[in-house]
Each structure stands twice: as structure tokens, then as C-alpha cells.
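First up is the structure itself, then whatever we jot down about it.
Start at 1 and go down the list; that is how both ligands and their atoms are numbered. What's counted below: heavy atoms across the whole structure, side chains too, no hydrogens, waters or symmetry copies.
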Amino acid sequence: LTFGDEGDEEDWVARPPVVTVMGHVDHGKTKLLDAIRNSNVVAREAGGITQHIGAYQIVTELEDYERPITFIDTPGHESFTAMRARGAKVTDIVVLVVAADDGVMPQTVEALNHAQAAEVPIVVAVNKIDKEGANPAKIRQQLTEYGLVAEEYGGDTMFVDVSATTRQGLDELLTAILLTADASLDLRANAEQDPQGVVIEGKLDKGRGPVATVLVQRGTLRQGDSIVAGDAYGRVRSLLDEHGNKLKEALPARPVQVVGLTSVPRAGDTFLVVEEDRVARQIADRRQARIRNAQNASMRKRISLEDLDAALKENRQLNLIIKGDNSGTVEALEEALMKIEVSDDISLRVIHRGVGGITKSDIDLALADDVIVLGFNVRAEGQATELANREGVDVRYYSVIYQAIEEIEAALKGMLKPEYEEVALGTAEVREVFRVPRIGNVAGSIVRSGVITRNSKARLVRDGVVVADNLTVESLRRFKDDVTEVRDGYECGIGLGSFNDIKIEDVIETFEMREKPRA
Ligand code: GDP
């Protein structure tokens, strides 16, 4: 999804910053998020029964800054990476938690790598300063090596000393977040556009059925809206905030629970609102029919249904051996990799894992088809390298989990043979809609780029959102004549088969799928 400068200026409203807390395990992320949540006025008014819904909004009680902030609070805190891996940008600011009695650790570095790669500003929370042995100056010193230079050292990163236990420094941390937001971000969103956003987490609730926590990113989500989230759809029966309060509407950067979907969407799925339930269902159906993660208009790499069917029949599996420098990273890597889904029937299996360098016995084990050996901050021993080279075993080295995820995801997609890529043919803008008896609606259009060709594949784009995919140009006419193609600048009538939901100003994109040369 793109969130460009659209709509009228007066429709743009200020929105709160969206913050993700990241850092090394045990440095206090969970406790800090709890401390922030519990110290805010809204939570207390609701009687303290705050449910965990994956994201929450607080209103700061600071003197000059009575303003809301949205925190993403998902277990494991891997959602930032998971969402980034799926193309969704959720976070405006990363709070990097570093324990003052410990120091910069591997996951600290990984977290800051992710934040820097996503060009998200970082506020450093130096936590546990209540502890004996806390050395906040050392943390500042260590992080300069990674380009995070504290303001007091002449840099531009805000460091705040905090204790999640004594709550010392929490106000300063919230202030730093807001100052960073004001200094480096334009936090506005169009509240009048068609609502769009991203799923933070989804679950099946015993009483209420599928429940998704979503973050509205633009527009205003309202009770009663017809919504598509990933390949789930439905009518928004109720919107609930983190205290279980019913909301009539949710503005940009508001996390809400959505009740009323027919199935459970996944973290990182984007959602959009359409005019009718029927359209929501159509879009969801089409998405279900495709590979589950190919759901985004910007996703140009598409895989045809035929290929998917072939892959389904073969039921492929990619085997992994994971070696790493310590058990924590091996576990974290395995956990992150197991979340990759390319399709239901192409699966990943970790056949062996361990701490230490890659040995000859690891390579022996890998001498089967489709095994990739991953070394995380470790290397293969001499004999192992020799054997791997001789037998052509795929050994890969990583020091950043995100990169490993990307490459393994690419490897899984590579197993869907052959891979196709989409080649754009032309676009046409709908000027009028004609109702033709027995044929249905025909789009009176003007070709805006390229060529519109009869029988080519097509999709329909409305206000920048793909409302229907997998269509075919079934009829093409100029005046009364059937033609095979119409070029840029000319008017024509386009029939999309049984698909009739065509509106003036819709854009018809046509394309073909070409087999991609294998690398
Ligand atoms: P996470 O793995 O980063 O989410 O870390 P947790 O929030 O689970 O905290 C790990 C441990 O550190 C827990 O035992 C916390 O009680 C403790 N802890 C977290 N923050 C502080 C703090 O500011 N001071 C002290 N003394 N202990 C803390």
C-alpha cells in the first residue's frame, strides 16, 4: 500500500507516533511496556483490566505534552521484522532497550540494524539503572560504534536512563519519543480516505470468533464497514480498544480489535475497506485462491495458480540445518524462520540444530536434496568446507536474522517452479459504464498507456487499491467493431467477462505472466 499525498489538505489530521520496543532478551522490553501502560491515566480509569491486544495507545500526562502514543506490544517482539519481511511499514520510532548492567548484546545490534535498515529513528532506553553495577555511560560509549551518538556527546540520538521497576525516567522517555517524532517525522494522515492499515495480530476467540488487532494507517475505520484483511473478510461487528471499550470509529494510528471477520488474518496482512460485503468477499476469495502472502498491490512478483497447483501436488519441503554461536540465536533464528509461509504445502523443516562451527558431520547430514546449512555468526571447518564444495551443498552465512529470513523465503519461492513475473501491457481509465444485455457491464475507457489487448489478464484499481484481480479482457471494441488491441490515446469498450463491479474513474491494468529466467 502506498500512503502518498492524497486528498484535500483539510482532511489531513495529526496522528500519534507508532512505537515498537526492541532489544536483547531480558533487557526489560516487556516490563517497560507494562510500566508505560500501567502508568497512564486511561488504563487506570478503566479499572486496570487492560487486556493484551498486541498494541495499545496511551495519553501522556506530561505537562507540555498531553498527547497520545501508540505502542506495538506483541509477544516475542518479532513483529517488526515479520511485518517488514512482508512489506508492511508499521513503526515510526523504535525504542531500543539496553540493560545498563549488561551492555550491547547480539540482539541489540540486530534490532538497531533492522531499525536503521528501515530508516526508523531510534530512541535509546538505558534500562535497569536502579541496579547495582548499572553503567549508563558505558552503554552510550558502546552504541557510538554503531552510529548512535548521544546528544550529550554531540550526536543526535536521544538516550534516556530508565528503570521499568522503579518507573524512574518513564516521563523523560515519553518526552523523548514525542520530541523525536516532532523533530524527524511528519505524522499526519488523511482521515477521510478509504480506511487502510495493517493487522498486528489475529486470534480465534471462543466467544467472539476471529478477532484481529489492526492498526489503522489512513482513513477512519467504522463499525459496520465491509473489510478485507489478508484473505479474511467480513463486516465490522464491533471495534474495541485495549480496555474492551466499544468504539464507533478508529482514526489513523489507533489500534483496535475488529470483531466480525470470517477467518483469522495474519500479522502483517494489510486490510482495506470496500463498499459492499459482496466485493469484500470477492477480494478475499481471490486472495485465498492465490498464494497466501501475495496480497499486496505493490507485489509485482506473482505466481500463477497453475504453478501453485503443481507445487501442491508435489508437496515440497525445504530442510535446514542451523548452526550458531549460541543457543539463544539458534532458537531465535529457528523461530523466525518457521514463521515464513510461502504456501501451505511448501514447508520448512529444521533437521538439525546446534551451537558451534559447521562440521563435516553437518555436511554429511546435508547430503540430501534441498538442504540448506545456515551458519549464524559461525563458519564451516576446513574439512566441512571441502566436502560441501565437492558435493555442492548449499552453505550460507549470516549475522543478521532478517537477511536469513529474506533469503530462505526467496529459496522457498524458488521451489515454486517455474516462477513467473508480471509484465505490464497497458492501462485504461474508465470514462463511462454501459450496461449491455446478456453481456453485463462494459467499461467505456480511454487507453492511458501501452496497449490493451483482448484476452490479456487484467485487474481493476480504484483509488489506488486493487479491488479485483485475476480478470480477463474478454471483449474489446472500438465503436461497433471487435478488435484485438487498442493503443494509448484511443477510446474503447472493455468487457471483463462476468465481472460487473466497474465504476467511472476505475483504472484497468492489463498484463501478462512471463516465465522468469532462472538465476
Ligand atoms: P524482555 O525479555 O526484554 O522482555 O525482558 P523482561 O521485561 O522480561 O525483563 C527481564 C528481567 O529483568 C525480569 O526479571 C524483569 O523483572 C527484570 N527487569 C526489567 N526491567 C528492570 C529494571 O528496570 N530494573 C530491574 N532491577 N529489573 C528489571
Side-chain angles (χ1 to χ4, degrees), residues 18-40 43 48 50-56 58 69-83 90-91 93-115 120 122-140 142-143 146 148 150 158-177 200-201 213 242 267 324-336 339 400-402:
V18 179
V19 177
T20 298
V21 175
M22 296 169 84
H24 197 72
V25 64
D26 278 347
H27 280 195
K29 299 178 294 288
T30 311
K31 204 170 173 73
L32 189 62
L33 277 161
D34 286 348
I36 292 168
R37 175 170 32 213
N38 294 334
S39 62
N40 97 75
T50 305
Q51 328 170 28
H52 179 91
I53 72 158
Y56 62 85
I58 62 153
I69 304 176
T70 297
F71 286 90
I72 306 291
D73 181 10
T74 48
H77 306 277
E78 79 300 329
S79 67
F80 181 86
T81 316
M83 292 192 196
V90 175
T91 303
I93 294 176
V94 162
V95 169
L96 183 65
V97 178
V98 191
D101 64 335
D102 194 7
V104 172
M105 297 297 279
Q107 284 169 270
T108 316
V109 175
E110 202 167 295
L112 76 88
N113 283 340
H114 291 154
V120 174
I122 298 171
V123 172
V124 181
V126 181
N127 190 31
K128 306 199 188 183
I129 52 153
D130 60 295
K131 281 184 89 169
E132 216 176 300
N135 186 350
K138 184 184 102 183
I139 309 299
R140 285 168 173 74
Q142 286 182 328
L143 282 172
Y146 299 93
L148 294 182
M158 299 190 80
F159 279 64
V160 186
D161 294 340
V162 299
S163 165
T165 304
T166 67
R167 297 168 180 271
Q168 159 183 10
L170 291 190
D171 284 354
E172 287 78 3
L173 179 60
L174 299 177
T175 306
I177 289 169
I200 305 292
E201 63 181 19
T213 299
E242 56 273 49
D325 53 344
N326 66 61
S327 58
T329 46
V330 170
E331 263 172 45
L333 181 58
E334 177 168 356
E335 198 184 312
K339 294 200 175 122
V400 178
I401 288 186
Y402 179 60

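- Close contacts of ligand 1 with His24, meaning ligand atoms under 4.0 Å from a residue heavy atom, involve 3 (O).
- With ligand atoms numbered from 1 in the order given, ligand 1 contributes 1 (P), 2 (O), 3 (O), 5 (O), 10 (C), 12 (O) to contacts under 4.0 Å with heavy atoms of Asp26.
- Under 4.0 Å is where a charged nitrogen must lie from a carboxylate oxygen, and between Arg37 and Asp34 at least one such pair does.
- For ligand 1, the polar-atom distance check finds an N/O of Gly28 within less than 3.5 Å of one of the ligand's N/O atoms.
- Under a 4.0 Å criterion applied to the non-hydrogen atoms of Lys131, ligand 1 contributes the atoms 26 (N).
- When Arg167, Glu132, Lys128, Gln168 are checked for heavy-atom proximity to atom 12 (O) of ligand 1, Lys128 turns out nearest.
- Below 3.5 Å of separation, one finds no N or O of Val25 facing any N or O of ligand 1.
- Checked by atom type and distance alone, the side chain of Lys29 never pairs as donor or acceptor with a backbone atom of Asp73 at under 3.5 Å.
- For Thr30, heavy-atom contacts with ligand 1 shorter than 4.0 Å involve the backbone as well as the side chain.
- Residues satisfying the ring pair (Phe, Tyr, Trp, His ring centres under 6.0 Å) criterion with Phe71, sequence neighbours excluded, are Tyr56.
- Side-chain contact annotation: His27 with Asn127, donor-acceptor N/O pair under 3.5 Å absent.
- Side-chain atoms of Thr91 do not come within 3.5 Å of backbone N or O of Val94 as any donor-acceptor pair.
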